[in-house]
Amino acid sequence: MLESLRPFLTKILNPIAQNLNINPNIITIISPFVAIIAAYGFANHMLILATTAILASGFLDVMDGAIARYHNKSSKFGAFLDSTMDRFADAIIYIGIIFGGYCDWFIGILAIHSAITVSYVKARAESQGATCNVGIAERAVRMIILMIGALVGYFTQSIYFTYIIMILVILSYITVFQRVYHVWRQLK
């Protein structure tokens, strides 16, 4: 869904990546620690801190790939590490949301499950030789919705953030079904 923004993001990220000739895996490993700050923010009802940390974590998540591509340091291990750290970040953010009481444990577990399943379906599809870049709620979209939800909750009432989390779970499961259907059409 956000793939159409890649040329625009490349123009912004390449000058930064040019000046950061470091191992992109270092950036990849830092990103989930920033997500821990987001979880802390959610757990302690500091929604602005949480939103800012998600934004920073997301920036680091796109920077590692930009650095890898710009300096020809892309690797299969780097892609694997990036995907693994993204799952860690997703789960820890939702754990903070659950602990902060913005949703009950069941909705929170569904949020974690749906986020991980969206990514798993893509990884499994690609292991079978299928493409799987479809779906209305890929990770970047989910993180944007989460940040918007947190801001809505901050400026209005936290119950609206809860509703947005519920909508996010539904969108994530829709994405799972979209991806499964897409892969089924390719592999049948």
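All residue numbers in this chain count up from 1 along the given sequence.
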* To do: Give the cluster check for Tyr163 versus Ile145: same hydrophobic cluster or not, with ILVMFWY residues linked at side-chain heavy-atom distances below 4.5 Å.
  => yes
* Structure fact -> Ile22 and Lys73 have their tightest heavy-atom pair at O-NZ, 3.5 Å
* **salt bridge (charged side-chain N to carboxylate O under 4.0 Å, His left out) partners of Asp86, counting only residues at least two apart** => Arg139
* **Arg87 side chain to Ser83 backbone, donor-acceptor under 3.5 Å** => yes
* Measure across Thr131 and His182 and return the closest heavy-atom pair with its distance rounded to 0.1 Å. => O-CD2, 3.2 Å
* Pick out which of Leu20, Ile67, Asp82, Val62 makes a side chain to side chain contact (heavy atoms under 4.5 Å, CB included) with Ile27. => Ile67
* To do: Is it possible for you to say whether Tyr40 and Phe33 belong to one hydrophobic cluster, with membership spreading through side-chain heavy-atom contacts below 4.5 Å?
  => no
* **Spacing of Asp104 atom CG and Thr162 atom OG1 [to the nearest 0.5 Å]** => 9.0 Å
* To do: Indicate the atoms forming the closest heavy-atom contact of Cys132 with Ala125, along with that distance.
  => CB-CB, 3.8 Å
* **Interatomic distance, Ile107 atom CD1 to Met166 atom CE [nearest 0.5 angstrom]** => 5.0 Å
* To do: With rounding to the nearest 0.5 Å, note down the distance linking OG in Ser75 to CG in Leu81.
  => 8.5 Å
* Please examine the side chains of Val183 and Gln128, heavy atoms only from C-beta on, and report whether any two atoms are closer than 4.5 Å. => no
* Taking a hydrophobic cluster as the set of Ile, Leu, Val, Met, Phe, Trp and Tyr residues connected by side-chain heavy atoms closer than 4.5 Å, whether directly or through intermediates, do Ile165 and Val141 fall within one such cluster? -> yes
* Structure fact -> For residues 47-91, the ring pair (Phe, Tyr, Trp, His ring centres under 6.0 Å) pairs (sequence neighbours left out) are none
* To do: Using a 4.5 Å cut-off on heavy atoms from C-beta on, say whether the side chain of Thr117 contacts that of Thr175.
  => no
* Qualifying residue, where the test is side chain to side chain contact (heavy atoms under 4.5 Å, CB included) with Phe42 and the options are Leu49, Ile98, Ile54, Ile37 -> Ile54
* **For Pro24 against Ala68, the heavy-atom pair lying closest together** => CG-CB, 3.7 Å
* So, does Arg69 use its side chain to make a donor-acceptor pair with the main chain of Ser74 at under 3.5 Å? -> no
* Sidechain-backbone polar pair: Gln178 side chain, Ile136 backbone, donor-acceptor under 3.5 Å -> yes
* To do: Indicate if Leu171 and Met143 have the same hydrophobic cluster label, given that clusters are the connected sets of ILVMFWY residues with side-chain heavy-atom separations under 4.5 angstrom.
  => yes
* **Ile92 side, atom CD1; Met85 side, atom CE - distance, nearest 0.5 Å** => 12.0 Å
* Quick one: ring pair (Phe, Tyr, Trp, His ring centres under 6.0 Å) pairs with a partner in residues 111-156, sequence neighbours left out? -> His113-Tyr173
* Gap separating the CZ atom of Phe106 from the CG atom of Leu110, nearest 0.5 angstrom -> 4.5 Å
* List for me each residue that meets side-chain hydrogen bond (donor to acceptor under 3.5 Å, both in side chains) alongside Ser172, sequence neighbours excluded, and say none if there are none. => none
* Asked: Do you know the tightest heavy-atom contact between Asp90 and Ala115?
  -> OD2-CB, 4.1 Å
* Structure fact -> Given the options Ile97, Ile148, Val152, Leu151, Phe161 meets side chain to side chain contact (heavy atoms under 4.5 Å, CB included) only with Ile97
* Structure fact -> Scanning both residues in full, the closest heavy-atom pair of Gly153 with Leu47 reads C-CD1, 3.9 Å
* Asked: Can you find a pair of side-chain heavy atoms, one from Glu138 and one from Arg179, that are under 4.5 Å apart?
  -> yes
* **Arg142 side-chain N/O to Ala137 backbone N/O, donor-acceptor pair under 3.5 Å** => yes
* To do: Determine whether Tyr181 and Ile174 fall in the same hydrophobic cluster, where Ile, Leu, Val, Met, Phe, Trp and Tyr are linked whenever their side-chain heavy atoms lie under 4.5 Å apart.
  => no
* Asked: Looking at side-chain heavy atoms only, is the closest gap between Lys122 and Ser119 below 4.5 Å?
  -> no
* To do: Report the distance from atom CD1 of Ile159 to atom CD1 of Ile164, rounding to the nearest 0.5 Å.
  => 11.0 Å
* Any side-chain hydrogen bond (donor to acceptor under 3.5 Å, both in side chains) pairs touching residues 23-35, not counting sequence neighbours? -> Thr28-Asp64, Ser31-Ser57
* Taking the side chain as C-beta and beyond, is there a heavy-atom pair between Ile116 and Tyr94 under 4.5 Å? -> no
* Asked: Under the side-chain hydrogen bond (donor to acceptor under 3.5 Å, both in side chains) rule, what pairs show up with a residue in residues 43-53, not counting sequence neighbours?
  -> His45-Tyr102
